[in-house]
Amino acid sequence: MRVSKAVCGWMAWCIIASAASAQEWKPARNVDIVVASGASGSSDRTARVLQKLLQANPAFPSVSVTNRPGGGGTVAWTFVVQHPGDPHFIATFSPTMLTNHVLGVGKLNYTEFTPLSILLREYVLLTVRADSPLTSGQALVERIRADPTSLSFAFAASPGNHNHIVIGMIYKAAGVDPKKAKVVIQKSGGDGAIAVLGGHIDVLVGAPANALPHIQSGKARAIGISAPQRQAGVQAALPTLKEQGIDAIFFSWRGFVAPKGLTPAQIAFWDQAFAKAVQGEDWKQDVETNAWAEDFMGNAATRKHLDSEYELLKGMLGDLGVIPEKR
């Protein structure tokens, strides 16, 4: 049977339209944002801001947040990796995922996930109680030189992470072996703040947003932030470690990963969803409120960043002497 050109054209159009439709994807059910820490910390705060932004997108039926603390993030990431190919599960992640792998704390590395985005960067702030004898970064360095083990430092949520690196930088600036620092790992930055304000630990090391409310209320004092210069907005009053003569400039980044095995259409959907989320005024306000700095990257840029960041962190941790020797 012969088929007319018109019919052939119509059939071709149907095939193309069907293929295009098959390539599109959007969530068919609830999306669960898995937080790699306890409530009230930076990862939790990032997840809940994203939840609010995604819920405003009609492509999402619903969005939930589930905290799965433990193992410096490995509990949450192990849960997500057990759902290969399912884009309805995403998880918060930060340099801790990379440093855990470098240090042997966890077996999971970024290569076992689908990188979705990096949304922001966050500098590290050192804070003490308002009545602490430590009044400045220089006072902190002098105390470390006099007795390296006399101070305790609280941070979340895994040894060797960005907070630990900044502590190591300060010890190196003081001319002291970073391994002598007394660190106390917390489940979240909020837990660390409670411990320091309660007088159980000397110095809180972590995200500015965890400490700023206590600084503004007069309960805590900022010692220094690991930024290259003073930051804008609510962080403007925070002195940098650099301006106090301490060579400690470093920042964390925060983003999201999904299980391995996502299709190109699913990755494209998430690229568009994240890009849309950070374009609105609500996001700009959240950045200001949480003392963040914008640093958006999609899937491809995030993967490239992680490749270079892994090598950078491995070198820094080696210089700080925190990588265990192989036996």
Side-chain angles (χ1 to χ4, degrees), residues 32-52 64-80 90-100 103 105-106 108 118-129 152-167 181-217 219-220 222-223 225-226 234-235 250-257 286-287 289-292:
D32 189 17
I33 304 175
V34 181
V35 182
S37 74
S40 79
S42 296
S43 293
D44 180 69
R45 195 157 44 245
T46 307
R48 295 184 189 279
V49 166
L50 181 67
Q51 178 191 29
K52 178 187 69 174
S64 59
V65 172
T66 305
N67 294 85
R68 293 183 180 272
T74 57
V75 171
W77 298 324
T78 298
F79 172 80
V80 171
I90 68 173
T92 61
F93 87 128
S94 68
T96 299
M97 178 181 282
L98 282 62
T99 55
N100 277 359
L103 297 173
V105 174
L108 292 174
I118 288 175
L119 297 187
L120 58 96
R121 66 173 56 186
E122 193 171 54
Y123 293 102
V124 177
L125 177 64
L126 279 75
T127 312
V128 296
R129 275 172 48 126
S152 55
F153 297 84
F155 65 86
S158 178
N161 69 4
H162 54 286
N163 299 313
H164 202 172
I165 286 174
V166 170
I167 295 170
K182 182 180 177 182
V183 299
V184 185
I185 310 300
Q186 307 291 308
K187 290 183 179 179
S188 71
D191 289 340
I194 292 171
V196 171
L197 292 175
H200 308 295
I201 301 175
D202 299 304
V203 185
L204 173 65
V205 184
N210 291 330
L212 277 168
H214 307 298
I215 294 171
Q216 292 165 345
S217 70
K219 296 179 181 178
I223 294 297
I225 190 171
S226 65
V234 294
Q235 300 184 78
F250 197 70
F251 65 87
S252 174
W253 40 261
R254 298 193 182 276
F256 295 85
V257 292
D286 289 325
V287 167
T289 301
N290 291 287
W292 293 334

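Computed from a prediction, not measured in an experiment: that's the story for all the values here.
- What you find for Ala291 and Leu212 is that their closest heavy atoms are CB-CD1, 3.7 Å.
- Closest of all the heavy-atom pairs between Asn67 and Ser37 is ND2-O, 3.2 Å.
- For Lys219, the NZ atom sits in a loose shell: 12 or fewer heavy atoms of surrounding residues, nucleotides or ligands are nearer than 6.0 Å.
- With a 4.5 Å cut-off on side-chain heavy atoms, Phe251 and Ser226 do not count as touching.
- Scanning all heavy atoms of the two residues, the minimum distance from Ser94 to Ser252 falls at CB-OG, 4.3 Å.
- Side-chain atoms of Thr99 come within 3.5 Å of backbone N or O of Thr96 as a donor-acceptor pair.
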Worked verdict on Asp286 versus Lys52 for side-chain contact (heavy atoms from CB on, under 4.5 Å) = CA-CA 11 Å; Asp286 289 325; Lys52 178 187 69 174; 3.1 Å; yes
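- Of all heavy-atom pairs between Gly199 and Arg129, the closest is N-NH1, 3.7 Å.
- A donor and an acceptor atom, one from each side chain of Arg254 and Thr92, are nowhere located under 3.5 Å apart.
- Asn210 places no side-chain N or O within donor-acceptor distance of the main-chain N or O of Gly41, the cut-off being under 3.5 Å.
- Nearest heavy atom pair, residue Asn100 against residue Ser158, reads OD1-OG, 2.5 Å.
- Here the two rings, on His164 and Phe155, have centers that are under 6.0 Å apart.
- Each of Ile194, Ile201, Val205 was checked for a side chain to side chain contact (heavy atoms under 4.5 Å, CB included) with Gln186, and the lone residue meeting it is Ile201.
- In this structure, the side chain of Asn290 does not engage the main chain of Trp292 through any donor-acceptor pair within 3.5 Å.
- In this structure the side chain of Val257 reaches within 4.5 angstrom of the side chain of Met97, judged on heavy atoms.
- In this structure the side chain of Asn163 never reaches within 4.5 angstrom of the side chain of Phe153, judged on heavy atoms.
- When each of Thr127, Leu126, Ile167 is paired with Val203, the side chain to side chain contact (heavy atoms under 4.5 Å, CB included) condition holds for Leu126 and for no other.
- Minimum interatomic distance between Pro208 and Tyr123 (heavy atoms only, all atoms of both residues): CD-O, 3.1 Å.
- Within the model, atoms CD1 of Ile185 and CG of Asp191 stand 12.5 Å from one another, a figure rounded to the nearest 0.5 Å.
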task = I would like to know whether Val65 and Val35 meet side-chain contact (heavy atoms from CB on, under 4.5 Å); could you show each step before the answer?
result = CA-CA 7 Å; Val65 172; Val35 182; 3.5 Å; yes
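- The shortest side-chain heavy-atom distance between Ile215 and Leu125 falls under the 4.5 Å cut-off.
- Separation of atoms CZ (Phe256) and CD1 (Ile90) is listed at 5.5 Å; rounding is to 0.5 Å.
- Under the 3.5 Å distance criterion, the side-chain polar atoms of Ser152 are matched with a main-chain donor or acceptor of Asp202.
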